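This report refers to the structure that appears directly beneath it.
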Amino acid sequence: MTFTKEFESRVEKTIAKYKLLSKKDKIVVACSGGKDSTAALYILHKLGYNVEGLLIDLLIGEWSKIARRNIEGFCEKEGIKLHIVNLREEMGGSMCYLRSNIQSKVNLNNCTICGIFKRWILNKYARELGFDKIATGHNIDDEAENVMMNMFRSTFSLAAGMGPTAGTQEHKGFVTRVKPLYDCLNSEVRKYTEMKNFEIEYAPCPCSVDVMRMNVRKMLSELEQDNFELKRNIVNSFTKILPAVREKYKKRGDEGIRYCEHCGEPTVEKVCQTCKLLKLVATEKVS
Ligand code: AMP
Ligand code: ZN
């Protein structure tokens with residue numbers, strides 16, 4: 001079997017193994033314009049799933065413009081519907097503008113702030129547009145890094161929300177997030193998209209400066225030299241203990257969930273994290 005066929009069939013097996021998706025589901029792929037989510041979108045579409053894409057235009061200068069152009073061209077060529085959410089229209093500014101305002105008041109790293117906004121937008125749009133599942137491009141490397149980082153930071157309770165099906169809360173306000181590339185290495189995804197000649201921006205986000213993540217990534221890649229299966233072993237070990245981790249930390253059903261006083265989105269606190277951050281930004285949208 002050729003590499004591309006084997007790769008696609010591995011994604012199909014992952015979906016079946018973890019029961020990620022059904023052919024009846026209306027699925028939205030969270031598209032960054034990068035290789036992982038583009039590969040996920042392409043393969044799900046090829047396998048006959050009912051998929052559409054959603055890009056949040058973060059307005060991070062030229063990098064976002066290229067990402068947007070690439071995914072727009074890709075979806076047009078493949079005949080896949082693409083939704084685009086403009087961050088300025090949604091939240092009153094570009095990611096750099098929002099972030100610098102927030103960081104002048106609180107000490108949060110770039111990826112944390114971006115992740116909070118992206119999750120909020122994705123969930124809200126997916127639910128309002130009637131999607132049953134959100135598929136992301138997370139691969140083995142992302143998951144292995146997250147497992148190790150939660151250990152190093154002693155935040156293993158957060159790991160309850162990881163795994164092939166993400167999210168700690170079952171609640172009608174939250175759309176289930178799934179990771180079809182859960183058994184694919186970063187290097188394999190790159191090989192796949194290169195062999196497929198997809199128009200992809202391979203440069204990482206210019207704002208992703210999480211020092212801890214970079215150190216963990218470097219460490220895992222060094223250790224991987226002597227053990228090709230290292231990252232897969234970390235993830236496989238993690239998925240074996242995941243039911244116990246969830247048992248310990250996961251809330252049941254809609255336990256503790258209420259609606260944000262400000263935006264009405266589901267949250268565990270009176271005001272959701274997104275609204276708390278937006279309150280720190282001096283925009284007209286947030287009073
Ligand atoms: P990241 O948070 O950048 O590590 O990306 C993780 C996953 O989130 C990607 O594989 C995508 O599925 C999704 N994602 C990242 N950036 C965007 C974006 N700008 N718009 C929509 N989805 C995104
Ligand atoms: Zn809110």
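Model, not experiment: these values are computed from the prediction. Order of listing sets the numbers, starting from 1, for every ligand and every atom in it.
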Under 3.5 Å, side chain of [X] to main-chain N/O of [Y], donor-acceptor pair present?
{"X": "Trp120", "Y": "Glu265", "result": "no"}
{"X": "Glu188", "Y": "Leu185", "result": "yes"}
{"X": "Lys179", "Y": "Ala135", "result": "no"}
{"X": "Arg177", "Y": "Ile134", "result": "no"}
{"X": "Arg190", "Y": "Lys35", "result": "no"}
{"X": "Arg127", "Y": "Gly173", "result": "yes"}

With a 4.0 Å cut-off on N to O distance, would you call Lys118 and Glu90 a salt bridge? no

If you measure from the Lys or Arg side-chain nitrogens to the Asp or Glu carboxylate oxygens, is any gap between Asp132 and Lys26 under 4.0 Å? no

Can you pull out the closest protein heavy atom to atom 20 (N) of ligand 1? Residue, atom name and distance to 0.1 Å, please. Ile56 N, 2.9 Å

the protein heavy atom lying closest to atom 12 (O) of ligand 1 turns out to be Ala30 O, 2.6 Å

From the candidates Ala40, Gly115, Gly53, Ser32, the one that places a heavy atom nearest atom 17 (C) of ligand 1: Ser32

Counting heavy atoms only, which of Arg119, Lys35, Glu145, Lys118 comes nearest to atom 5 (O) of ligand 1? Lys118

Taking only heavy atoms of Leu54 into account, list the atoms of ligand 1 that are under 4.0 Å away from them. 21 (C)

Do ligand 1 and [X] have nitrogen or oxygen atoms that lie under 3.5 Å from each other?
{"X": "Gly137", "value": "yes"}
{"X": "Leu122", "value": "no"}
{"X": "Thr136", "value": "no"}
{"X": "Cys31", "value": "yes"}

Any protein heavy atom sitting closer than 4.0 Å to atom 10 (O) of ligand 1? yes

Look at the N, O or S atoms of His262, main chain and side chain alike, and state whether any lies under 2.8 Å from the Zn ion (ligand 2). no

Region of His138 that comes within reach of ligand 1 [heavy atoms, distance under 4.0 Å]: both

Tell me which part of Leu58 gets within contact of ligand 1: side chain, backbone, both or neither, using heavy atoms under 4.0 Å. side chain

Can you see whether Tyr42 has Lys196 sitting over its ring - NZ or CZ less than 6.0 Å from the centre and within 45° of the normal? no

Vertex the Zn ion (ligand 2), ends Cys275/SG and Cys263/SG: angle to nearest 10° comes to 110°

